[in-house]
Each structure stands twice: as structure tokens, then as C-alpha cells.
Amino acid sequence: MSTKQPVKDWATDFDHTDPAWNNDPYPIWDDLRKRCPMARSERFEDGAFFPSRYADVREISYDTEHFSSRRVIVREKKFNPVMPAPPITSDPPEHRPARMPLLPAFNPKAIEKLTPGTRALCNRLIDGVIDKGSCDAATDYAQHIPTRVIANMLGMDEEDGDRYRRWIKMALEEGIHDNSKVTESLKEMTIYFGQELAKRSDMPGDDLISFMRDQRVDGQPLPPEKIIGTLRLLLIAGIDTTWSAIGASLWHLAKNPQDTARLVAEPALMDTAVEELLRAYAPVTMAREVKKDVTINGCPMKAGAMVLLSFPAANRDPEMFPDADKVLLDRQENRHAAFGLGIHRCIGSNLARMELRVALEEWLKRIPQFRLENPAGVTWSEGTVRGPRTLRVVWK
Amino acid sequence: MSEPKKFKVHVETALCQGHNRCYSIAPELFEVDDLGNARARGDGAVPPQLEEKARLTVKNCPEHAIRMTAKN
Ligand code: HEM
Ligand code: SF4
């Protein structure tokens, strides 16, 4: 563990794992947007930039000529060799062929089929806590929904969630400071998925692991390391992200009973409410590596530097969203970037939206009034994916 | 007789990244292919009662891929 210095000036020394950022990043971003929309930090190998304006995040997302996805996490020490997880770590021209085969499994019709099962799952989870009058909405409820759904899609053991979430925590959180955690997580996942592939070698299946095994490019199966890279990505991207979105939404509702009452009274508001909660509490911050020297918004960037690509900060830019700091459940115009912009648009966006919506609908049907047990006791995951990890709520 | 349709919607295929916001706001006006990319249904004509929804799809598409133009 490194001993970190407290941040003195966010404009020249930002740290997205600092406790102040982790507890409440929004005032920091608002301040930076006004005085230094392209912040810097030397805390990370080769330096890192942090654009806080929507326009800059958008420009960088679209500019695959100067910005590479081969590293999508800003770490203290760069992880070498890079960890391929196609398509999220792929640049053109490799990106499209790696992405295309996955798309049909996540289109609106495919996701619609998963809705009844997800509703039933939410209700089973609520059955387990409702009589207690209180629970940890992050660990008793939110975390199980995406874990079980993606485990089922992949054809993996849905009871093994603790193991999956440990790998993710090592890769995304602990791995920012300690590369050995990334190595350990990678190694374990690679062995695990290798075994899952071997299990399916002579048996047909309709899960995503079998589907990846059956892919052919020019008549040839994909090399196992590519398949395993993609499977790691689906597991990592499918769990903490949506867990965070559900948790942050419940956190908001627990603190804002007038919003909760409105959603209960006007269920038709759910369409815009889901988008607004995704905008305001967007959980996922990615990164890019500068591939060729470039100047963005007057700020020169050298090849090799990292960019913290914060869709959450873009979503709070008042130039793009009037009343950006307010949660307006009926916001009509909401071009938010929670699922990214450009070619890497989240493949799981339809799935995540469905899970978030169903999780809130079923919760509100049965627990229409609830509040935080101890506002100071809420804890958040840090770094790439930010969402509540302890969220005690009461309803009795 | 239905009222004349004054507007049509169009999806710029090269810009669409399949966020499917248009399809969830106005499934009457848009359809989505297997890969999640959107296109306008039929010739894209917008019935008057859907004009407001059509405007909202234009303003919610994260990729600015939807155009709404006067029909001639
Ligand atoms: C609320 C939940 C989620 C959020 C906020 C979210 C956010 C994002 C973002 C911002 C990106 C773009 C990355 C970039 O530009 O570098 C992305 C990519 C991706 N997401 Fe999600 N995600 C969520 C849930 C999911 C789920 C449930 C899955 C399903 C397995 C998933 C799978 C993926 C994949 C495969 C990519 C890579 C796409 C590509 O590079 O072409 N995500 N996600
Ligand atoms: S909202 Fe825009 S990007 Fe998304 S599917 Fe529709 S046209 Fe395509």
C-alpha cells in the first residue's frame, strides 16, 4: 500500500481515489470546470489529464486517432503488458469485428426476454428482507441483481457472486494502487474461464461462453485468449456497474422522500427517471492513453499520458444540462453520456437500463417509503466504478 | 382522413451507435436491427400526434444521429 499525500490543488494534482473525491466528487468537478477544465496530475505514471466538461469528454471519445483504448484505467503504475479485453481495449480497425458478434445478445428484444426473470429475482431478494424492516440495499439487494443476471447469460454458477465480485474489486479498485492485484485477478479469471470453455468443448450450449466458442472468423474459431479476454470483460463490465447504478438510485430515493413519493404515485415517470438517475449518478469513468501528441481545449497532451475520461463529470456540466446539479425525474431533454459516446457505447446499456428499472419498480411496489439508517455510514467504491457499497436503509 | 404529415425523421446510420434511446421513447417511429442500430420505420413520416415525441428523440440521442425535417 502506498502512503498517499493529500491533494493540495485539484487542478494540478487530482486524485480520483482520494477520499474527498470518493465521498462527494461533484463540488470538485464544478470548481474545476470553472477554473481549469483540463486538470492534471503527476500521481500516475506518465501523467494524467482530467477533462470535466462535456464537450471535451465528447471530443476525446470520438477521437480514436489520438486516443487509444488499450489502457482504460488510470493506475499509479501502468500495467504491462496491456491487458486485452476486446472490444473495450480495442481501437479501430480491430474494434468493430470484436464488438459485432456480441451485439445481438444485448439488443432490445433479447433483453426484453430477460425481464420477467429479473422481476422474479428482485422479488425473491425483497422476500428475504421485507419483514426485517431494514437491510443493506447495496449488499442484500442491488449487488445480486446484475451478478445473477450476467452469470445466467454466461452460463456460470449464479451462487458464486462473491468470487466474481472479488476479481472485479482487485482489477478495478485495488489494482489502481497495486498491480499485483490485477495480475492475481487476471490469473484466476483466466484459469476459471479456461475451465468453463473446456467444460463446453463437446457440448452444445446456448450461453454466451458457448456462443463465443462457436464464433468463426474466416472459418476459424477465435483464439482462446481472445475469447477469455472478452468473457472477463463481460463479467467485469456487467456487475459493479449496474450494482452501482441501482445502489446510487436507491440512495437518492432514500434521501429524497418527495421523489420517492412521486415515482410511486406516477409510475409513468419511470422512463425519464431512469435516464435522469443515470445522468446524475453515472457510475463509470473510463480512460484513454494519448497515442499521438494532440491539443484539446488549448491543452497540449503528449503521447503516453493518460486521460481520465469521466462520463459522470460530463453529465454534470451545466453548459450541457440546465440545473445539472439537480435531479429532475421528469427531465425531458437528456443527452447524457453514462454509457459512453462513440464507438465504445456500452454494449450492456439495454440490459443495465432494464435491470435498473425493474429493480426500482419492484422495490417501490413493496417498500414505497424508506430512509437512510445512518447517512454517514454509506460507503462508496472508488476509481473506475463508483457506487454505494454499504447502504443501510429502514422502512419500519 | 388522417391529418397531413408535416415532418419526417431520419437516422444518420454512420452516427448511430445503438444507444436505443429513440426506440425506447418512440417505438412507433423507430425500429432497431439485430445489432441494435436504429432506423426510421417506413418512410419516416411523423403523424401529427407523434411530433412531440419525435422532437424528444432528436434531443435525447447521445450521438446527434437523428434528423427531423419538413416533409415535402
Ligand atoms: C449502469 C450500468 C453500466 C454503465 C454505466 C456502463 C458504462 C459503460 C461505459 C461508459 C462504457 C464505454 C467505455 C469506453 O468508452 O471506454 C461501457 C462499455 C462497455 N460495457 Fe457497460 N456499463 C454498464 C453496464 C454494463 C453491462 C450490464 C454490461 C454487460 C455485460 C456492459 C458491457 C459493456 C461492454 C462489453 C463494453 C465495451 C463496449 C466496446 O468497447 O465496444 N456494461 N460501459
Ligand atoms: S438514440 Fe441515436 S444512437 Fe441511439 S439508436 Fe437511436 S439513433 Fe442510434
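Proteins get letters first, then strands, A, B, ... in listed order; numbering begins at 1 in each.
A/Glu275 pairs with exactly one of A/Arg357, A/Arg353, A/Arg335 by the salt bridge (Lys or Arg N to Asp or Glu O under 4.0 Å) rule, that one being A/Arg353.
Of all residues spanning residues 23-30 of chain B, those with a heavy atom less than 4.5 Å away from chain A's heavy atoms are B/Tyr23, arranged by number.
Top candidate by heavy-atom pairs under 4.5 Å with chain A, chosen from B/Asn20, B/Asn37, B/Val58, is B/Asn20. Most heavy-atom pairs under 4.5 Å with chain B, from the set A/Thr272, A/Asn350, A/Leu102, A/Asn334: that is A/Asn334.
For chain B, the nearby parts of A/His336 are the backbone and the side chain; heavy atoms of each come within less than 4.5 Å. A/Asp271 does not touch chain B: none of its heavy atoms, backbone or side chain, sits under 4.5 Å away. Using a 4.5 Å cut-off between heavy atoms, A/Tyr62 touches chain B through its side chain atoms alone. Residue A/Ile343 touches chain B through both its backbone and its side chain, counting heavy-atom pairs closer than 4.5 Å. Using a 4.5 Å cut-off between heavy atoms, B/Arg21 touches chain A through its side chain atoms alone.
Proximity of A/Leu103 to A/Ile347: side-chain heavy atoms (C-beta onward) are separated by under 4.5 Å at one or more points.
Aromatic ring pairs are classed by plane angle as parallel below 30°, tilted from 30° to 60° and perpendicular above 60°; the pair A/Tyr26 and A/Tyr281 is perpendicular. The aromatic rings of A/Phe321 and A/Tyr54 lie perpendicular to each other, with more than 60° between the two planes, well past the 30° mark.
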**Request:** Verify side-chain contact (heavy atoms from CB on, under 4.5 Å) between A/Lys226 and A/Val217, making sure each step is shown before the conclusion.
**Result:** CA-CA 12 Å; A/Lys226 281 213 172 154; A/Val217 174; over 6 Å; no
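The backbone N or O of B/Leu56 lies less than 3.5 Å from a partner atom in the side chain of B/Asn60, making a donor-acceptor pair. The main-chain N or O of A/Asp330 is found under 3.5 Å from a side-chain atom of A/Gln332 such that the two form a donor-acceptor pair.
Other residues, nucleotides and ligands contribute at most 12 non-hydrogen atoms within 6.0 Å of the CG atom of A/Asp206.
Using a 4.0 Å cut-off between a side-chain N of Lys or Arg and a carboxylate O of Asp or Glu, B/Arg67 and B/Glu12 qualify as a salt bridge.
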